[in-house]
Amino acid sequence: MRVYNTLTSRKEEFIPVEKDAVRIYACGVTVYDLCHIGHARSAIVFDVIRNYLKYRGYSVTYIRNFTDIDDKIIKRAQEEGLSWKEVAEKYTDEYYRDMDALGIKRADVEPRATEYIQDMIEIIKGLIEKGYAYEVDGDVFFEVKRFPEYGKLSKKPVDQLEAGARVEVDERKRSPLDFALWKSSKEGEPAWESPWGPGRPGWHIECSAMSLKHFGETFDIHGGGADLIFPHHENEIAQSEAYTGKPFVRYWLHNGFITISKEKMSKSLGNFFTIRDILREFDPEVVRTFLLGTHYRSPIEFSREQLRETEVSIDRFYSTLLRIDAYIQRMSRKERKIQEDERFRTRIEGFPERFEEAMDDDFNTALALGHMFELIKEINRYIDAKPSGERARQLLEEAVNRLREAGRVLNIFQRTPSEWHLSLLRTKNIPYSEEEILDRIRMRQKARTEKDWERADAIRDELREAGIVLEDTPQGTTWRVSVGETAEG
RNA sequence: GGCGGCGUACCCAAGUGGCUAAGGGAGAGGUCUGCAAAACCUUUAUUCGCCGGUUCGAAUCCGGCCGCCGCCUCCA
């Protein structure tokens, strides 16, 4: 496996500290507001990375933290008239609601910053003792100058940074680059006791403390959005390595942004869609697939049109499943060897290798998806060749199993066609229940048997109007929700 | 200003030295069908922003130019 390491700016062979175990820490969110799809992307990317490492046989421990105390939370608490804790709890719940809906599995450890205050204080004390940090009026700062490797992750020359540093500079800092490890609290602000008086931790120290506690001094993968490279991750490295004297992280992985009109989606620009907004319009599987259709380091331009197209391609998978079932039911039991058998078998057998090759190359989910859709095409092609007998049945089942197995890593292709369509009925607010649709189909079937084409077409048109498409097959009529067009209403 | 990234068909997107430049969507033609739908087949990049260079050979490496974006402040 090769992964792109931000630290070295190149793809490297992936070798974990322990041969068969991988430890991943991904930065989660600050719980002060609803998540937008940029947060979803990051969560999905690292969810998939975790899944794939497991698929590859590693025993994986995955940590994803919550920042549950910081300025934005305090501000939000004032606005909403709640305590900071209530704000944090509220938006942690909202986070789970959204991420669960997207099918993102929980991390193995989900630490909250405020549960590790003592650990942070220990590290800060250690950093002061070692001369890497200094206290001023109850605040503690990390002295960047004392850590010569500062800038190695973000490739920022320290002198340049200092020259360009913004003006809000705290006069008490020895250098504008120095960052807060501990902040004294003002009147009425949340506070914890510390050797430097009441206060709260700076943002960066929590990740150092929590990863050290659960993973020890050096672990394998640290991830997050590319906007965390500087200063957050740069600062984590400085604190952690200054404190332990050991390399902090082996592989730094960063996902790219979601853009709108080419600009980064962000709270401050106000150009964001919340996960909730999107899930009102699109099935979670569509959202996942859309986000995984581009390599994780590249930007993704948010586009409803592209989401629609993704919906069509997912539908293609479930339609194919439906077709397979119908075909097998009606297929002759007679063993008939056809030319297509060998070609199909070869495509099926080679699939896992192609999938793994793609994923082994820096988690190339876009290429992996390409292979999956290629196999779907092969399935349809095979059915068109009219195979029959036990061999055909086995090959078709094998192909589906392979697709589902690969799909498990991306957490797509895991439902039945029926589940998919019922979900679409809900998402698109279609005013028919499954029973009502089946009822119409029966009525239409009667008309068809009587060759009353006018009536049969009228029923079909009525459903079509509501977004339901009927398909007549030799095995009977099936229904599906029309995809690829904007939902009515 | 410093550092970094991107520019592949009508749209999205993979591909970073050599087999036919994946895959999805859209368009056109065909097979199938009562008509449809779906599916399949054929078709849509002799070419990868532009110009040079290296090489037997480049979308892929090097240089320049043009355009777009990100980080340098909280940010997934």
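Below, chains carry the letters A, B, ... as their sequence lines are ordered, and counting in each starts from 1.
Heavy atoms of A:Lys451 sit nowhere under 4.0 angstrom from any nucleic acid atom. At a threshold of 4.0 angstrom between heavy atoms, the contacts of A:Ser313 are confined to the sugar-phosphate backbone, with no base atom among them.
Look at the C1' atom in both B:A21 and B:A14: the space between them is 10 Å, to the nearest Å. With both ends at atom C1', the span from B:C72 to B:C56 equals 46 Å, rounded to whole Å. When the P atom is used for both B:G29 and B:A38, the distance is 15 Å, rounded to whole Å. The gap from the P atom of B:U54 to that of B:C62 amounts to 15 Å, rounded to the nearest Å. Nucleotides B:U73 and B:G25, compared at atom C1', are 40 Å apart to the nearest Å. Going from the P atom of B:G49 to that of B:C11 covers 13 Å, rounded to whole Å. Comparing the same atom, C1', in B:C61 and in B:G18 gives a spacing of 14 Å after rounding to whole Å. Distance noted for atom P between B:C65 and B:G4: 16 Å (whole Å).
Remark: RNA chain B takes part in the stems B:1-7 with B:66-72, B:10-12 with B:23-25, B:26-31 with B:39-44, B:49-53 with B:61-65, each of 3 or more antiparallel Watson-Crick or G-U pairs, criterion distances under 3.5 Å.
With 3.5 Å as the limit, one finds a donor-acceptor pair spanning the side chains of A:Thr320 and A:Asn380.
Remark: C1' of B:A76 and OH of A:Tyr91 are 18 Å apart, rounded to the nearest angstrom. Between A:Lys264 atom NZ and B:G5 atom C1' the separation is 14 Å, expressed in whole Å. The NZ atom of A:Lys377 sits 5 Å away from the P atom of B:C41 (whole-angstrom rounding). Distance A:Ile104 CD1 to B:A76 P: 14 Å, rounded to the nearest Å. Note: CZ (A:Phe344) to P (B:A39) measures 16 Å, nearest angstrom. Computed from coordinates, the A:Trp479 CH2 to B:A38 P distance equals 16 Å when rounded to whole Å. Residue A:Arg347 contributes atom CZ, which lies 14 Å from atom P of B:C40 at whole-angstrom precision. Between A:Phe230 atom CZ and B:G4 atom P there is a gap of 15 Å when expressed in whole angstrom units.
One finds no side-chain N or O of A:Asn255 lying less than 4.0 angstrom from the OP1 or OP2 phosphate oxygen of B:A76. Between A:Lys267 and B:A76 there is no side-chain polar atom (N or O) within less than 4.0 angstrom of OP1 or OP2. For the pair A:Arg316 and B:G24, the criterion of a side-chain N or O lying under 4.0 Å from OP1 or OP2 is met. Regarding contacts with the backbone of B:G25, every side-chain N or O of A:Arg308 stays at 4.0 angstrom or more from both OP1 and OP2.
Under the 4.0 Å criterion applied to side-chain N and carboxylate O atoms, A:Glu206 and A:Arg112 are not assigned as salt-bridge partners. Salt-bridge check for A:Glu189 with A:Lys186: passed, with a basic side-chain N closer than 4.0 Å to an acidic carboxylate O. Salt bridge A:Asp98/A:Arg276: present, at least one basic N to carboxylate O contact under 4.0 Å. Of the charged side-chain nitrogens involved, at least one lies within less than 4.0 Å of a carboxylate oxygen, so that A:Lys152 and A:Glu149 count as a salt-bridged pair. The pair A:Glu285-A:Arg288 does not count as a salt bridge, with every side-chain nitrogen at least 4.0 angstrom from each carboxylate oxygen. A salt bridge links A:Glu281 with A:Arg304: the distance from a Lys NZ or Arg NE/NH1/NH2 to an Asp or Glu carboxylate oxygen falls below 4.0 Å. In this structure, A:Glu378 pairs ionically with A:Arg343, as a charged nitrogen and a carboxylate oxygen lie closer than 4.0 Å. One finds no salt bridge joining A:Arg455 and A:Glu450 here, because no Lys/Arg side-chain nitrogen approaches an Asp/Glu carboxylate oxygen to under 4.0 Å.
Under the 6.0 Å distance and 45° angle rule, A:Arg64 does not count as a cation-pi partner of A:Phe46. Both tests hold for A:Arg106 against A:Tyr96: distance to the six-membered ring centre under 6.0 Å, angle to the ring axis within 45°.
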Protein-proximity profile, nucleotides 6-19 of chain B, B/S/- by nucleotide at the 4.0 Å heavy-atom cutoff, equals -----BSSSS----
Nucleotides 58-63 of chain B: protein proximity per nucleotide (B base, S sugar-phosphate only, - neither; heavy atom, under 4.0 Å): ------
How would you summarise protein contacts on nucleotides 30-37 of chain B per nucleotide, using B for base, S for sugar-phosphate only and - for none, with heavy-atom distances below 4.0 Å? ----BBBB
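Evaluation of atom-type donor-acceptor distances gives a pair under 3.5 Å for the side chain of A:Lys156 against the base of B:C71.
From A:Arg174, atom CZ reaches atom CZ of A:Phe142 across 12.0 Å, with rounding to the nearest 0.5 Å.
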Taking only distance into account, with no hydrogens and no angle test, what donor-acceptor pairs under 3.5 Å do side-chain atoms of residues 25-40 of chain A form with protein atoms, sequence neighbours excluded?
| unit_1 | atom_1 | unit_2 | atom_2 | d |
| --- | --- | --- | --- | --- |
| A:Asp33 | OD2 | A:Arg76 | NH1 | 3.4 |
| A:His36 | ND1 | A:Gly38 | N | 2.9 |
| A:His39 | ND1 | A:His36 | N | 3.0 |

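Residues from residues 29-39 of chain A placing a heavy atom under 4.0 Å of any atom in RNA chain B, listed by number, are A:Val29, A:His36, A:Gly38, A:His39.
Listed here is the closest heavy atom pair of A:Ile24 and A:Ile49: CD1-CG2, 4.3 Å.
Taking the ring centroids of A:His204 and A:Phe179, they lie under the 6.0 Å cut-off. The ring of A:Phe66 has its center no closer than 6.0 angstrom to the ring center of A:Tyr91.
In this structure, the side chains of A:Phe230 and A:Lys156 come closer than 4.5 Å at one or more pairs of heavy atoms.
Ring planes of A:Phe413 and A:Phe373: perpendicular class, angle over 60° (limits at 30 and 60°).
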